[in-house]
Protein chains: 2
Amino acid sequence: MITLTFAEENYLKAIYHLSDGGKKGVSTNDVSAEMKTKPASVSDMLRKLGEKDVIEYRKYYGLHITEEGKKLALQTIRKHRLWEVFLVEKLKFSWDEVDEVADDLSHVKSQVLIQRLDEYLGFPKFDPHGDPIPDEYGDVRTRPRLPINDLDLGSIGQIVAVKDSSPAFLRYLDKVGAYIGARIKVMDKTEFDGSVEILVDNKKSIFMSKDVAGNILVMV
Amino acid sequence: MITLTFAEENYLKAIYHLSDGGKKGVSTNDVSAEMKTKPASVSDMLRKLGEKDVIEYRKYYGLHITEEGKKLALQTIRKHRLWEVFLVEKLKFSWDEVDEVADDLSHVKSQVLIQRLDEYLGFPKFDPHGDPIPDEYGDVRTRPRLPINDLDLGSIGQIVAVKDSSPAFLRYLDKVGAYIGARIKVMDKTEFDGSVEILVDNKKSIFMSKDVAGNILVMV
DNA sequence: TTTTATTTTTAGACAAATCTAAATCACTAA
DNA sequence: TTAGTGATTTAGATTTGTCTAAAAATAAAA
């Protein structure tokens, strides 16, 4: 069985994200930027990860994550996201505070701990950022995209796409501060005209008409 | 401000325990046995801890923990015990499973995390083993000793002494499986004759008369 | 195609924490 | 009081993860 050190685990997680779940190749400099370590250190680490067969590494040409690597990365991501849920739901941390702490917590080695934590949290399927939590076997549940006006009051989600991508519409979104990737929460819904109020990135409130809300797709 | 590495923190915690909270001096071999590392490694670590003024170290003569060292050790102990409470109360771990995991968890650096955890757990004053949890300033609450029949139903505690220490009484205790240091829980109380049923070390059930129960002192 | 710029790797160093083997110190027992 | 035993320290090696500086490979531009 492959075992990774803390540092190796962190690198692999970063690589998984950078490669968009294994779709793209990744360069040394990419990893260096993500991990905030020097390229020289990255080269060394890539050699080690290559020897452990969690990545396929060709000198000077970057790397691809392997199937085994994906599995391990997803385990780490699972731990990280479960701890994020714990920190936000139970300890009342806010989104922006959790990452570093969850990172530390997810290094704790016990398998049993993660199983019990998962159970304690009620087997959550998504973390506070809306990202899916892989199950024990690394499977992730992808979630449906909904237009904002189909959301319930209080729902949170992330803007993933727009139906109407006309320049005018995009300019409007830009103006009000909404963008692909923005985290939103439905603060108010007015039944009679279908307009909604959403909170963007936990700070900015936006009112939008039924038409606009129907054209913004959210991942819940 | 003094900062310690993980390993230094662990050594200091062990030293604190070995020195019985700073009362006794401690030898290199003591630490070696406790930490399961070689004496040579301990010497090196003691030198470092001495340089950081958390212990007073004289080569070949062992060490004494300093006031500063005590404070830091108590911080680590606080974290450890809070995590133990979390593991047992929330994640349903049993006593004997928690130590290693709590050790890992208590290495997580965030101050805020510990404060929030403390709050979430309802500011517990004692860990699942009955050991006191130091507060933020390192103060520990020592607890009163009570005879078993003064305990409420469901109370947990640790046997710390006996009033009647006659050979006959001690032989009786031995026979039923109670001993100084045993962890007990009050399972049942019969009002009319004052007899009680207690669970020892989470496994063995004992019935005892009012007289016997009145002679066993428990730290709650 | 040759030169230049960028990216990546190698080489060598360092800090932390451990080990083994050898040396040194302190106490004890003749 | 001196030799021996056991505890302790030193010396030197190893692993892991990082760094800087320099070399090498690739990519881009003239």
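What you are looking at is a predicted structure, and each value in this text was computed from that prediction instead of being measured. To find a chain, count down the sequence lines: A is the first, B the second, and so on, and within it residues start at 1.
- Distance, A:Lys36 NZ to D:dC19 C1': 18 Å, rounded to whole Å.
- Relative to the side chain of B:Ala40, the nucleotides D:dC19, C:dA21, C:dT9 differ in distance, and C:dA21 lies closest.
- In this entry the distance linking CG of A:Leu49 with C1' of C:dT9 reads 16 Å, nearest Å.
- Residue contacts shown for B:Thr28 are limited to sugar-phosphate atoms, with no base heavy atom under 4.0 Å away.
- Salt-bridge annotation for B:Lys79 and B:Glu9: present, with a side-chain N of the basic residue lying under 4.0 Å from a carboxylate O of the acidic one.
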Test log, rule salt bridge (charged side-chain N to carboxylate O under 4.0 Å, His left out), inputs B:Lys13 and B:Asp103: CA-CA 11 Å; B:Lys13 191 172 68 176; B:Asp103 228 54; 2.7 Å; yes

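- Less than 6.0 angstrom separates the ring centroid of B:Phe86 from the ring centroid of A:Phe86.
- The distance between atom CG of B:Asn29 and atom P of C:dC25, rounded to the nearest whole Å, is 18 Å.
- Candidate nucleotides D:dT20, C:dC19, C:dA17 were compared by shortest atom distance to the side chain of B:Ser41, and C:dC19 ranks first.
- Taking atom CZ on B:Arg47 and atom C1' on C:dT18, their separation rounds to 13 Å, with Å as the unit.
- As rounded to whole Å, 11 Å separates atom P of C:dA17 from atom NE2 of B:His107.
- Here the nucleotide nearest the side chain of B:Tyr60, chosen from D:dT9, D:dC19, C:dT10, is D:dT9.
- We find that CZ of A:Arg58 is positioned 12 Å from C1' of D:dA25, with the value rounded to whole Å.
- Phosphate proximity of C:dT9 to A:Tyr57: present, with a side-chain N or O under 4.0 Å from OP1 or OP2.
- Distance from the side chain of B:Lys59 is smallest to D:dT9 among D:dT18, C:dT9, D:dT9.
- Heavy atoms of A:Ser43 sit under 4.0 angstrom from at least one base atom.
- Among the atoms of the strands shown, only primed sugar atoms or phosphate atoms (P, OP1, OP2) are found under 4.0 Å from some heavy atom of A:Thr5.
- Relative to the six-membered ring of B:Tyr120, B:Lys90 meets both conditions, a distance below 6.0 Å and an angle of at most 45° to the axis.
- Remark: C1' of D:dT15 and CD of A:Glu8 are 11 Å apart, rounded to the nearest angstrom.
- To the nearest angstrom, P of D:dT16 lies 16 Å from CG of A:Asn10.
- Here D:dG17 is the nucleotide among C:dT9, D:dT26, D:dG17 with the atom lying nearest to any side-chain atom of A:Lys48.
- For the pair B:Arg47 and B:Tyr57, the cation does not sit on the ring face, since its NZ or CZ is not both under 6.0 Å from the ring centre and inside 45° of the axis.
- Looking at the side chain of A:Tyr61, the nearest of the listed nucleotides D:dA27, D:dT9, C:dA17 is D:dA27.
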